[in-house]
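Protein chains get the first letters and strands the later ones, always in sequence-line order, with residue 1 at the start of each. Computed from heavy atoms alone, side chains included, the values below leave out hydrogens, waters and symmetry copies.
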Number of protein chains: 2
Amino acid sequence: MTDQHPSTPDEALPGEPSGGVRRARAALGRAVRSTLPGRGEARRAEERTLPEATVARLAVYLRVLSVLAEQGVTTVSSEELAAAAGVNSANLRKDLSHLGSYGTRGVGYEVAVLVDRIEGTLGLTRRLAVALIGVGNLGHALAGYGGFATRGFHIAALLDADPARVGERIAGLTVRHSDELPAVIRELDIAIGVIATPAHAAQDVCDQLVACGVTSILNFAPAVLAVPDGVDVRKVDLAIELQILSFHEQRKLRPGGPLEDVG
Amino acid sequence: MTDQHPSTPDEALPGEPSGGVRRARAALGRAVRSTLPGRGEARRAEERTLPEATVARLAVYLRVLSVLAEQGVTTVSSEELAAAAGVNSANLRKDLSHLGSYGTRGVGYEVAVLVDRIEGTLGLTRRLAVALIGVGNLGHALAGYGGFATRGFHIAALLDADPARVGERIAGLTVRHSDELPAVIRELDIAIGVIATPAHAAQDVCDQLVACGVTSILNFAPAVLAVPDGVDVRKVDLAIELQILSFHEQRKLRPGGPLEDVG
DNA sequence: AGATGTGAATAGTTTCACAGCA
DNA sequence: TGCTGTGAAACTATTCACATCT
């Protein structure tokens, strides 16, 4: 996770030297599964809730599988796919087993089948509408990003609080004023809000999104957002990513740590 | 974690509908601590290795603390700081306890002291040099981002493989050709490489960085990077973040899951 | 009183290792 | 024989609960 900037060039990205939240409220999604005591009847052995970590990796598998499909590969073993995705093969198998059994012992998985299952699981067949608030430096970059439309999403609206920016056309869309946010959300049935404003405006925009019923937010502003239960916020914070790398970089230098490894 | 694009507008960000890796190789940094059998002598009870999760949160605390410091706040309780950072207070206390005891029972923590401790721990006193490869849509945005310099880092070089881009001046720097990467790394003592190229070029750039001794990489390209042990790669992938949100969005809709919660 | 620091309990995740099917 | 699917073990991380100190 990492992040960028807001509507006004500079001051945008994780401005302060501080860090950001990797995934703020995402905790909600935890593999719920109550396991209430006093019950144990016929419990649907279905695909209940997936572990958060698995969900994140499914997206990775999907990307790798898409590449394989393009190359004409029709079958992969867990070993191959895991290697390409950078994970342990047992981990991969367990992840996939949560979707049900779609592999063939002694052979492997059919690429096309897996792609379908994962897309279905992630809900990528619906093509959710995304609103991007803040078309500054980063906002522009995000708006121009082609990957959005590729599968599952499309940017339906661009908004900015700066009157000078309103009316500008970016990637086929006209920037509208932030005041129109509620109307835009309802008109276009926005499911996901992407915040790319300066830090000081982020909480405000977030509150508006939530007030309008948006429960999925991707935050690029260097600020910790407070949201009610039921709302998922994921944060992308460049400063934090760099700081984490800095920490490890430092550890590599001073031979204070390795000492433990030796004896 | 999320990501963006490359040097060429479009096709940049997590292009394919697939996802990306949250933190590829970062696994290295795991709280190492071997616990070799057959030993147990006098072991320095020092601030050995911090848990990965703690490192990530320290960056968050730092940001919150910076804001508090600006506001003139000099003392905070774990409860207050935890609320501002969006974490559990016990979790916060445990995180901080890893740095040593810098709080006062019955009172709380001194903001200035904590800031110092955290900056020291994350190695933010050294101001590492960062090279940004790929100045496309996203690269531009990142280069223009003010937060870099704020503390701990500075973009020392911009590179791109497109001759048309070489020579362009962005944020006070002149874009140099990718071929100069080795020279640039040595000249400027680059510690961190930020990859913002199209997916197809990412592994190549990564390999060059590694060959030149860079062991910390932040990858914005929608590709899984393979690196040798000892190299930390963190990935920022927009498509994956959106897909994770999509998954939860889907779960909210169909009342299949909640059933479990009820009984 | 009030808040830190931390052992113990709990929860979540990864990895192993192998039974079982193709 | 080969690879999936999965119980069990190992690890990591979070939360509780309270002794401890100011």
Novice: Using only modelled atom types and a 3.5 angstrom limit, is any donor from either the side chain of B/Arg105 or the base of D/dT22 paired with an acceptor on the other?
Specialist: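 Answer no: no donor N or O sits under 3.5 Å from an acceptor.
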
Novice: Pick the closest DNA chain C nucleotide for A/Ala90 and for A/Gly106 by heavy atoms, then say which residue is nearer the 5' end.
Specialist: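 Here A/Ala90 is the residue nearer the 5' end.
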
Novice: What's the shortest heavy-atom distance between A/Ala202 and A/Ala221, and which atoms?
Specialist: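 That would be CB-CB, 3.6 Å.
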
Novice: To the nearest Å, how far apart are A/Glu79 CD and C/dT15 C1'?
Specialist: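 A/Glu79 atom CD is separated from C/dT15 atom C1' by 13 Å.
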
Novice: Just call it for A/Asn91: base, sugar-phosphate, or nothing, with non-hydrogen atoms closer than 4.0 Å on any strand.
Specialist: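 Base: the residue A/Asn91, judged by heavy atoms under 4.0 Å, touches a nucleobase.
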
Novice: Is B/Ser101 near enough to C/dG5 that one of its side-chain N or O atoms lies under 4.0 angstrom from OP1 or OP2?
Specialist: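 Checking C/dG5 against B/Ser101, a side-chain N or O does come within under 4.0 Å of OP1 or OP2.
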
Novice: What is the separation between atom CD on A/Glu52 and atom P on C/dT13, rounded to the nearest whole Å?
Specialist: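 It is 7 Å, rounded to the nearest whole Å.
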
Novice: Rounded to the nearest angstrom, tell me the gap between atom CG in B/Leu114 and atom C1' in C/dA3.
Specialist: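 After rounding, the gap between these two atoms is 14 Å.
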
Novice: Go through C/dG5, D/dT14, C/dT14 for me and flag the one nearest to the B/Ser97 side chain.
Specialist: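 For the B/Ser97 side chain, the nearest candidate turns out to be C/dG5.
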
Novice: Rounded to whole angstrom units, what separation is found between the CG atom of B/Leu99 and the P atom of C/dG5?
Specialist: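 Atom CG in B/Leu99 sits about 10 Å away from atom P in C/dG5.
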
Novice: Taking CG from B/Leu96 and C1' from C/dA3, how many angstroms apart are they, rounded to a whole number?
Specialist: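 Whole-Å distance recorded here is 13 Å.
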
Novice: Could you tell me which non-hydrogen atom of A/Val87 sits nearest to which non-hydrogen atom of A/Tyr61, and how far apart they are?
Specialist: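 Heavy-atom minimum between the residues: CG2-OH, 3.8 Å.
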
Novice: Does B/Asn88 have a side-chain nitrogen or oxygen under 4.0 Å from the phosphate oxygens OP1 or OP2 of D/dC16?
Specialist: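 Yes, because at least one side-chain N or O of B/Asn88 sits under 4.0 Å from OP1 or OP2 of D/dC16.
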
Novice: Is there a donor-acceptor pair under 3.5 Å between the side chain of A/Gln203 and the backbone N or O of A/Ala226?
Specialist: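 Yes; judged by distance alone, with no hydrogens or angles, the pair exists.
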
Novice: Given the structure, check if the side chain of A/Lys94 and the base of C/dT15 hold any donor-acceptor pair shorter than 3.5 Å.
Specialist: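 Answer is yes: a donor-acceptor pair is held.
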
Novice: Measure CZ/B/Arg93 against C1'/C/dG5 and give the value in whole Å, please.
Specialist: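 Nearest whole value for this atom pair: 8 Å.
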
Novice: Are B/Tyr109 and C/dG5 close enough that a side-chain N or O sits under 4.0 Å from OP1 or OP2?
Specialist: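 Yes, such a contact exists.
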
Novice: How many Å lie between CG on A/Leu92 and P on D/dT4, as a whole number?
Specialist: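 From A/Leu92 CG to D/dT4 P: 8 Å.
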
Novice: Tell me whether the OP1 or OP2 atom of D/dT22 has a side-chain N or O from B/Thr104 closer than 4.0 Å.
Specialist: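 Indeed not, no polar side-chain atom of B/Thr104 lies that close.
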
Novice: In whole angstrom, give the distance that lies between atom CG of B/Asp95 and atom P of C/dT4.
Specialist: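 To the nearest whole Å, that distance equals 14 Å.
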
Novice: Would you confirm whether A/Ser246, through its side chain, and B/Leu122, through its main-chain N or O, come within 3.5 Å as a donor-acceptor pair?
Specialist: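 Yes.
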
Novice: If the cut-off is 4.0 Å, is B/Ser78 near the phosphate of C/dA3, judged by side-chain N/O to OP1 or OP2?
Specialist: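 No, because none of the side-chain N or O atoms of B/Ser78 sits under 4.0 Å from OP1 or OP2 of C/dA3.
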
Novice: Show your reasoning for whether side chain to side chain contact (heavy atoms under 4.5 Å, CB included) applies to B/Phe153 and B/Leu124.
Specialist: CA-CA 8 Å; B/Phe153 310 93; B/Leu124 302 181; 4.0 Å; yes

